[in-house]
Structures are given as structure tokens and as C-alpha cells.
Number of protein chains: 2
Amino acid sequence: MNEVTMPRSGPVAREIYAALRQRIMAAQLMPGTAISEVQFSEQLGVSRTPVREVFRRLADEGLLRIVPQVGTFVAPIQLRAVYDSQFVRETLECRTIVLAAGNMSIQAADDLQDFLTLQKRAIRDNDLEKFFDADDRMHTYLIGLGGYPAIWELIQGVKAQLDRVRYLSLESGDWLNRIFDQHEMIVSRVIEADTTGAEAAMREHLQSVFLTIEKLAENRPELFEGNMGTSTTPISTS
Amino acid sequence: MNEVTMPRSGPVAREIYAALRQRIMAAQLMPGTAISEVQFSEQLGVSRTPVREVFRRLADEGLLRIVPQVGTFVAPIQLRAVYDSQFVRETLECRTIVLAAGNMSIQAADDLQDFLTLQKRAIRDNDLEKFFDADDRMHTYLIGLGGYPAIWELIQGVKAQLDRVRYLSLESGDWLNRIFDQHEMIVSRVIEADTTGAEAAMREHLQSVFLTIEKLAENRPELFEGNMGTSTTPISTS
DNA sequence: ACTTGATTACTAGTATGCAAGAGGAGAAAC
DNA sequence: GTTTCTCCTCTTGCATACTAGTAATCAAGT
């Protein structure tokens, strides 16, 4: 899932990148965990070079923090960066959803319904991965409808921060149902070509992550880095 | 001038990155130019490693195109990517300007006036670099006023495509004056806390690059890559 | 017991060597 | 003259060796 734009390098770096990124986002590697180039190289049976390349890229995305001569660490969750990411995503997706609502077709309406069906099944099977995947696919599709499909790549980069929060908060079935209802609302309004309604629904949907963030910040404060002040770390920019 | 967020790597890579990026954006290295890691290494007196790292990063930004076992080339201007970049920038800056207009203070108003003064001087001196610099600084400041200063880093990455067009089109004094007028309009409306007016002014301002693009596409078609279809290259993502 | 200092074991940054593949130049065959 | 095949050069991808700097540990001195 979360098939982000792959680096153009060799297939070795590609795999490492996808795998490590997933492990970080799914919080198998907790924020603050120290990793190292040699450790990872040996573990994967490759040399430092491709690993190093992947580290650099993930550091650019804000998922790793490289401290020269000291080590590389899974970035702590910075509230500031998370809120920045949410802002970017909301701004871009609310704009594209307006365009999408003005670009509807029978085919598109059917496709959107299919995405909803997939999500409902994922919830029924209690398959978080599958739900996230279907979620992503639907957002991708909606952005494509807006006429700027490449925007998704940028959002993917920014979204990593948000996804990590979602994974860590272990969203429950109830929560997934709420998200699904929001998706249903968005889709219905987009299909009706209700631009302002669709935008409002998308905004509410994307802002619902705030609750998740607050809950997580309360229950697992050790995962966060305090300063909400001037953000010294980039917000991602895949 | 366009001090983009620096990579966290060693100072060697930092310098190379800044220098090469500037040379590409200022079109000293024309789109399509073939460069190579060894050529650049020897020219700069360093090894391939840091050069290679910089190449990767610039490829991620969409300014270079790396073809394995063949070579690395300054990316041609892709209309699709340019329009995508413009869309992202317009969407984000139009949203932040609304927030900025709601966050005004006496100090901020004075600062904005200072930026305008700087720009007027740059035009008087016919100093394109200085004007671009003051332009950037003002946009940065406005985004900061909106409360999400880190957004600028993302825009910086996206903006590279647009800046390259601006450099290549050799904007004249007349053109600079038009941009200045737009800036004046934006500032006055922001100071008046006229949110919708400021947003409209910003939108018009950021859309004026379309004229520049069309002119360049007409006069220098060899710099472009035809396909407006599915964009196979990322839109930048600093 | 505590502080201070040197040593040691790590880290990432850089340099370099090797492998694999793409592409052009030139010679040979027709 | 044209085509085709071979070889040679150049490219990036990957592996490895070396440098420099950090930090923790442990011993010595107080």
C-alpha cells in the first residue's frame, strides 16, 4: 500500500526505500529509534551506498533525522510538522475536489462507488491495511478527476506525517466507520456536482485527523517532540 | 536569491547543491544539457559521492533527469510540470494570503512596505537578481504571516520550475513594473485586511506567469518537451 | 565518592574501485 | 553505397576503504 513515487535509482534502492518507508509509517520503527547505515546494510545484504541514498531521501521527507557523525534516527512526531502537513493536504485537496465535482462523468461516479464498496469490505474484514489502501486510491482518483493527477505525489510526501499518526493511534472499527461516512458524503456531493458541498465535506473529512492527533498526543506524549515554535525540520516535500 | 532549504548533508554537498541549482534555474545550464558525475566531480575537485547525492536530490526536484547507464541531463521544461507547479503555488499562497490578511499588525504593514521599496529600487537599477530576491522575500514573509512559515519550503521546491521559465524569458523592465503593481495591490489589500480582495490580487499575480510561459513556448520551443499528457516526472517536491 | 581525562567504539561524510549496460565509431561483408 | 557486427568508451549503480568527529566508557587523580 501507499505506493509512493519511487526513486529513479536502481531497483535495489527502490525496494529498500519502499520497505523502510512502510516500516516507519506503520510505526514498526518507533519515533526516536536509532538506526545506522551499516546496521541496515548488513541486515539487507547490500552496501552502504544504496542505504545511504534511501536515508537521505527519507530525511528529506521528514521521516528520518540524520545527525552527522552521530547517527540516524526515526524522526519524532513534530506537532508543528503534522499540522503543516494537514494544512497543505487540506488546502490542495479541497481545491481539487471542487474541480473534480465540476468534471464528473457516469464512469467516474461508478468508479467512486466501487471505491466505497472496497472500503466497506475492508471494514467488515477489519483489515486496516486494506482500508488505508482503498482510502488512498480514492483520494488519488478524486485528485485525478480534478485534472492535476501529479498533485498526488506531492500530497503523498506530505501525508507521511499524518499516516504515521493514524497508524500509531490504532484507529478502531468505529473510527473507520466514521471515516467511511465522510467518504460517502464526499462522493455523493461530488457526484451531484455540488462543488461547495463537496469542498465542505472534504474539509471536514481531512480535519478529522485533528482528533486523532490530540488523542495520540495525550496518550503517547513520548512519541512527540514538544516545540510548536519555529519548525526547524522540513514538512516533507517528498 | 532563492536561498532554498539546504540539504542536511556535509557542507561540500551543500555548496554543490546550491550552486548547481542556481545554475540550472538561471538557465546557465540549458534544458537538455548533458552533465555527468565525473565531469562535475573533477570540475569541482571533489569525488563522485557528494556530486551524486546532489544529482539525486535535484532529480527529485525535477530539475535533472537521470538515465541509468546513459547520463544525467538538465530536465527539459515540461509544460505539464510547470502548470502543476503553478497550481500548487496558487492554491497554497491564495489560502495563506487570506490568513495573512487576518493577521495584520502595524509592524507587518511597515515590513511589507519595505519590501516594496526594495523592489522598486531593484527595478530602477535594472537588477533582475535583486528583484527576484526581494520578490521571494516578500512572498516568504506573507506566508509566514499566514501562520504556516514552513509552507514556503514546499513552495520553494515547486517553484523551481516556474523560476526557470522566468529566467529564460528574460523579463523586461516593463514586465517587472507590472509585477510590482500587482505586489502593491496585494500589499494594500492585505494591509486593509481585505481577505477576498487580497486573495483575488494574489491569484491574478500568480497567474500572470501563464503569459510568460506562453511567450517562451512560442519563442523557444526547443526548450520544451511536448507531451502535456500523463506526467511521468514528479512535479518537484523540493 | 566524585570529577576529570584519555581511550575506544561507534557514526556519517568522502574517496575510489569495480561491474553492468548503453551507444557510438569503425571496419567488414554484401 | 549500405548494412551489420564488433569493439571501445562513457555512463550510472554498487561495493569498499578511509577520514573525521562524536560520545560513551573506564581509569586515574583528587
Side-chain angles (χ1 to χ4, degrees), chain A residues 5-21 23-24 29-76 232-234, chain B residues 5-21 23-24 29-76 232-234:
Chain A
T5 312
M6 292 300 182
R8 297 109 203 86
S9 326
V12 179
R14 279 175 108 94
E15 285 180 34
I16 301 175
Y17 173 77
L20 181 52
R21 188 175 201 273
R23 285 179 63 184
I24 295 174
L29 289 170
M30 295 295 280
T33 306
I35 57 188
S36 93
E37 295 175 359
V38 287
Q39 164 201 339
F40 242 74
S41 310
E42 292 170 0
Q43 184 175 336
L44 298 175
V46 297
S47 81
R48 277 179 60 203
T49 312
V51 172
R52 179 176 170 75
E53 188 175 319
V54 170
F55 277 22
R56 179 200 60 76
R57 173 175 268 260
L58 289 171
D60 285 347
E61 290 186 29
L63 291 176
L64 289 183
R65 180 170 299 181
I66 299 174
V67 184
Q69 270 67 27
V70 174
T72 300
F73 310 87
V74 178
T232 61
T233 302
Chain B
T5 313
M6 290 301 181
R8 299 108 202 86
S9 323
V12 179
R14 279 174 110 92
E15 284 179 35
I16 300 175
Y17 172 77
L20 181 52
R21 188 175 200 273
R23 284 180 63 184
I24 294 174
L29 287 171
M30 295 294 280
T33 305
I35 58 188
S36 95
E37 296 174 359
V38 286
Q39 164 200 340
F40 243 75
S41 311
E42 293 170 358
Q43 184 175 335
L44 298 176
V46 297
S47 81
R48 277 180 58 203
T49 311
V51 172
R52 182 177 170 75
E53 186 174 322
V54 169
F55 278 23
R56 288 280 163 292
R57 181 174 272 107
L58 289 170
D60 287 346
E61 290 186 31
L63 290 176
L64 289 183
R65 180 170 299 179
I66 299 174
V67 185
Q69 272 68 35
V70 175
T72 301
F73 309 87
V74 178
T232 61
T233 302

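Lettering of chains follows the sequences in order, A, B, ..., and the numbering in each one begins at 1.
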[X] [atom1] - [N] [atom2] separation (whole Å):
X: Arg14(B); N: dG13(C); atom1: CZ; atom2: P; result: 11 Å
X: Phe40(B); N: dC10(D); atom1: CZ; atom2: C1'; result: 17 Å
X: Leu44(A); N: dC14(D); atom1: CG; atom2: C1'; result: 14 Å

Just N and O in the side chain of Ser47(A): are any of them under 4.0 Å from OP1 or OP2 of dA15(D)?
yes

Search all heavy atoms of [X] against all heavy atoms of [Y] and return the closest pair with its distance.
X: Ala75(B); Y: Gly62(B); value: CB-O, 3.4 Å
X: Val74(A); Y: Met30(A); value: CB-O, 3.4 Å
X: Val38(B); Y: Arg48(B); value: CG1-CD, 3.8 Å
X: Gly32(A); Y: Phe73(A); value: O-CD2, 3.9 Å
X: Arg56(A); Y: Asp60(B); value: NH2-OD2, 3.4 Å

Axis-to-axis angle for the helix from dA1(C)-dT30(D) to dC30(C)-dG1(D), ends of five pairs each, to 10°, equals 10°

The reported gap from CG in Leu58(A) to CD in Glu61(A) (rounded to nearest 0.5 angstrom) is 5.5 Å

Hits for ring-ring contact (aromatic ring centres under 6.0 Å, His included) against Phe40(B), two or more places apart or cross-chain, chain-then-number order -> Phe55(B)

Heteroatom pairs (N/O) under 3.5 angstrom, protein to nucleotides 8-12 of chain C:
unit_1  : atom_1 : unit_2   : atom_2 : d
dT11(C) : OP1    : Ser36(A) : OG     : 3.1
dA12(C) : OP1    : Thr72(A) : N      : 3.2
dA12(C) : OP1    : Thr72(A) : OG1    : 2.9
dA12(C) : OP2    : Glu37(A) : N      : 3.2
dA12(C) : O4'    : Gln69(A) : N      : 3.3
dA12(C) : N3     : Gln69(A) : NE2    : 3.3

Would you check, one step at a time, whether the test side chain to side chain contact (heavy atoms under 4.5 Å, CB included) holds for Leu29(A) with Leu20(A)?
CA-CA 9 Å; Leu29(A) 289 170; Leu20(A) 181 52; 3.6 Å; yes

